[in-house]
Q: 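Got a structure for you, written out below as structure tokens; questions coming shortly.
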Number of protein chains: 2
Amino acid sequence: MIRVVIADDHPIVRAGLKALFSIEPDIEVVAEAATPQEALEASVRENPDVVLMDLQFGSGETTTGAGATRTIRALDAAPYVLVLTNYDSDADILGAVEAGASGYLLKDAPPHELINAVRAAAAGESALAPVIASRLMNRMREPRVSLSSREIEVLEQVGAGRTNQEIAGTLFISETTVKSHLAHIFSKLDVASRTAAVSVARQQGILR
Amino acid sequence: MIRVVIADDHPIVRAGLKALFSIEPDIEVVAEAATPQEALEASVRENPDVVLMDLQFGSGETTTGAGATRTIRALDAAPYVLVLTNYDSDADILGAVEAGASGYLLKDAPPHELINAVRAAAAGESALAPVIASRLMNRMREPRVSLSSREIEVLEQVGAGRTNQEIAGTLFISETTVKSHLAHIFSKLDVASRTAAVSVARQQGILR
DNA sequence: CCGGGAGTCGTCCTTTCGGAGGATGGGTGC
DNA sequence: GCACCCATCCTCCGAAAGGACGACTCCCGG
């Protein structure tokens, strides 16, 4: 029997997952969590085989889904974590994999794909949704520009409409440094202006 | 007995809604639809009391959720349509109301709110999620900025990362005019730069 | 141990953007 | 006909952004 914890802030999604798993004789939902904290507590308490983890939780949460994944994976006899989310942005996928997720599924996936992924995860295998898999393939094939974390940080501020001066202020660096980062970003993304950089970054899933 | 049709492209969400309604003795799910087209067909065939309609359907759909809502509301003995979606952007809300929806709910709403909304809709009443209601109140209180179609056109170009000169070229106007439009946009959105304008416009659902 | 990338800071210079102000013509509504 | 909004165009000017140099740390991997 595969023991599963569901972590998602949408009651509807939790009910849906429970309903889907209730049909499967070898899968049992042992706990539900509406916040990352609850997910961690449930993982410690129930010691499940698999945790289904959403990445986006409602505002007001201190921890993110990725953060919770990282913490859970650091437990003794840690359960496998399957990330289940709406978006397939590169940043999210990479963040999830980095945090130790053994699978990445989209919420519009057909149920059987989900069930298979749970079984695969419980067996210690990796399970990526086909969409995600092909996305990663593309990334490998065409060596994607990768921005450093600092550069992404700067770019996020730009996307929020801040000026270089303001960005310098919030990141505690000089305006010169901000412009330097931006120059690197521009050349990496092959653009000539901040707005174009934001636009391209959005398309490539670097920014949300 | 309230007869309900569920239209959502996520199997998980459909399962969740079905599970939630199965507990209620007076609500019956008579059909599920994974596309706007199926939603219309089911509405004609089953003649339900209420249609639960998602606004976002997977890519590749010709009709949108709002379009399907409009069509369904034009039927003889049309069912009431409850819009159920993830986002609360102004554009979405207004579009849904305009299309004839009698309610607007968010997917992270607590189940009882959802159930109540279905009963209210079946009785011909309007049901807005509290979050949405207060949003509309704010809108009324603070007369919302509305950009002219030309201004939106310019702002889209800005969001795509084009310079004023490029925008002038593609829209066949002088750069001066572009700047003039932008000046109006800035004052309407109460921002000071193009990137901030794009950011605010995105938040308010003016831009995608 | 040395190279190179990342992050930090600087200067000088050019271009672009945005603010302020005004002007014209064409709609639409009352 | 008048008011109002929109789209179009203009000038002048200060501020912001971006390009082109160089240079200093730190740290990782060959």
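Letters A, B, ... mirror the listed sequences (proteins, then strands); counts begin at 1. What you see below is based on every heavy atom in this structure, not just the backbone, and it leaves out hydrogens, waters and symmetry mates.
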Q: Can you measure A/Leu189 atom CG to D/dG18 atom P for me and round it to whole angstrom units?
A: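 After rounding, the reported distance stands at 13 Å.
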Q: Have a look at B/Thr176 and say if it touches a base, only the backbone sugar-phosphate, or nothing, with a 4.0 Å heavy-atom cut-off.
A: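 Base contact - B/Thr176 has a heavy atom under 4.0 Å of at least one base atom.
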Q: Which whole-number value in Å describes the distance from B/Glu175 CD to D/dT8 C1'?
A: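 Between C1' of D/dT8 and CD of B/Glu175: 14 Å.
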Q: If each of B/Val191 and A/Ser180 is mapped to the nucleotide of DNA chain C with the nearest heavy atom, which maps nearer the 5' terminus, i.e. the 5' end?
A: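 Here A/Ser180 is the residue nearer the 5' end.
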Q: Quickly work out the B/Asn164 CG to C/dG19 P distance and round it to whole Å.
A: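 Rounded to whole Å, this separation is 11 Å.
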Q: Where each residue is assigned the nucleotide of DNA chain D containing its nearest heavy atom, which of A/Ser193 and B/Thr177 is assigned the position nearer the 5′ end?
A: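 So the residue in question is B/Thr177.
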Q: Would you check, one step at a time, whether the test salt bridge (Lys or Arg N to Asp or Glu O under 4.0 Å) holds for B/Asp54 with B/Lys107?
A: CA-CA 9 Å; B/Asp54 190 11; B/Lys107 282 187 184 170; 3.3 Å; yes
Q: Roughly how many Å is it from CD in B/Glu166 to C1' in C/dT15, rounded to a whole number?
A: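 The answer, rounded to whole Å, is 14 Å.
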Q: Could you check whether B/Ala192 gets within reach of a base, just the sugar-phosphate, or nothing at all, counting any heavy atom under 4.0 Å?
A: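 Contact class for B/Ala192: sugar-phosphate only.
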Q: Rounded to whole Å, how long is the line connecting atom NE2 of B/His184 with atom C1' of C/dG21?
A: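 Atom-to-atom, B/His184 to C/dG21, this comes out as 12 Å.
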Q: Tell me which one of B/Ile152, B/Leu155, B/Val200 satisfies side chain to side chain contact (heavy atoms under 4.5 Å, CB included) with B/Ile185.
A: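 The residue from B/Ile152, B/Leu155, B/Val200 that satisfies side chain to side chain contact (heavy atoms under 4.5 Å, CB included) with B/Ile185 turns out to be B/Leu155.
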Q: One thing to verify: whether B/Arg119 and B/Glu125 come together as a salt bridge, which I'm taking to mean a side-chain N less than 4.0 angstrom from a carboxylate O.
A: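 No salt bridge links B/Glu125 with B/Arg119.
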Q: Write down the distance between CD1 (B/Ile167) and C1' (D/dT8), rounded to a whole number of angstrom.
A: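 Rounding to the nearest Å, CD1 of B/Ile167 and C1' of D/dT8 are 16 Å apart.
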Q: It should be established whether A/Ser148 places a side-chain nitrogen or oxygen under 4.0 Å from OP1 or OP2 of nucleotide C/dG7.
A: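 Answer yes for this pair, as a side-chain N or O of A/Ser148 is under 4.0 Å from OP1 or OP2.
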Q: DNA chain D: B/Lys179 or B/Ser149, which has the more 5' nearest nucleotide?
A: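 Checking each residue's closest nucleotide, the 5'-ward one belongs to B/Ser149.
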Q: If only side-chain N and O atoms of A/Ser174 are considered, is one of them under 4.0 Å from the OP1 or OP2 phosphate oxygen of C/dG10?
A: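 Affirmative; the distance criterion is met.
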Q: Taking the side chain as everything from C-beta on, heavy atoms only, tell me whether A/Gln56 gets closer than 4.5 Å to A/Thr85.
A: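 Touching, per the 4.5 Å side-chain cut-off.
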Q: Side-chain donor-acceptor contacts of residues 189-199 of chain A below 3.5 Å, not counting sequence neighbours, with atom names and distances?
A:
{"from": "A/Ser193", "atom 1": "OG", "to": "A/Thr195", "atom 2": "OG1", "distance (Å)": "3.2"}
{"from": "A/Ser193", "atom 1": "OG", "to": "A/Ala196", "atom 2": "N", "distance (Å)": "3.3"}
{"from": "A/Arg194", "atom 1": "NH1", "to": "A/Asn164", "atom 2": "OD1", "distance (Å)": "3.0"}
{"from": "A/Arg194", "atom 1": "NH2", "to": "A/Arg162", "atom 2": "O", "distance (Å)": "3.1"}
{"from": "A/Arg194", "atom 1": "NH2", "to": "A/Asn164", "atom 2": "OD1", "distance (Å)": "3.2"}

Q: Checking contacts here: which listed nucleotide (D/dT8, C/dG18, D/dA17) is nearest the side-chain heavy atoms of A/Arg194?
A: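 Ranking D/dT8, C/dG18, D/dA17 by closest atom to the A/Arg194 side chain puts D/dA17 first.
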Q: Have a look at B/His181 and say if it touches a base, only the backbone sugar-phosphate, or nothing, with a 4.0 Å heavy-atom cut-off.
A: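 If one applies the 4.0 Å heavy-atom cut-off, B/His181 turns out to touch a base.
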Q: For the side chain of A/Lys188, counting heavy atoms from C-beta on, which of C/dA6, C/dG18, D/dA16 is nearest?
A: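 Nearest listed nucleotide: C/dA6.
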Q: Identify whether any heavy atom of B/Thr163 sits under 4.0 Å from a base atom; if not, whether one sits that close to sugar-phosphate; answer base, sugar-phosphate or nothing.
A: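 Here B/Thr163 touches the backbone only, sparing every base.
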Q: Identify which nucleotide among C/dT8, D/dC9, D/dC6 has an atom closest to any side-chain atom of B/Ile173, counting heavy atoms from C-beta outward.
A: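 Nearest nucleotide to the side chain: D/dC9.
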Q: C/dG18 C1' sits how many Å from B/Asp190 CG, rounded?
A: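 Nearest whole value for this atom pair: 15 Å.
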Q: For B/Phe172 and D/dA7, what is the distance between atoms CZ and P respectively, to the nearest whole Å?
A: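 Distance, rounded to whole Å: 17 Å.
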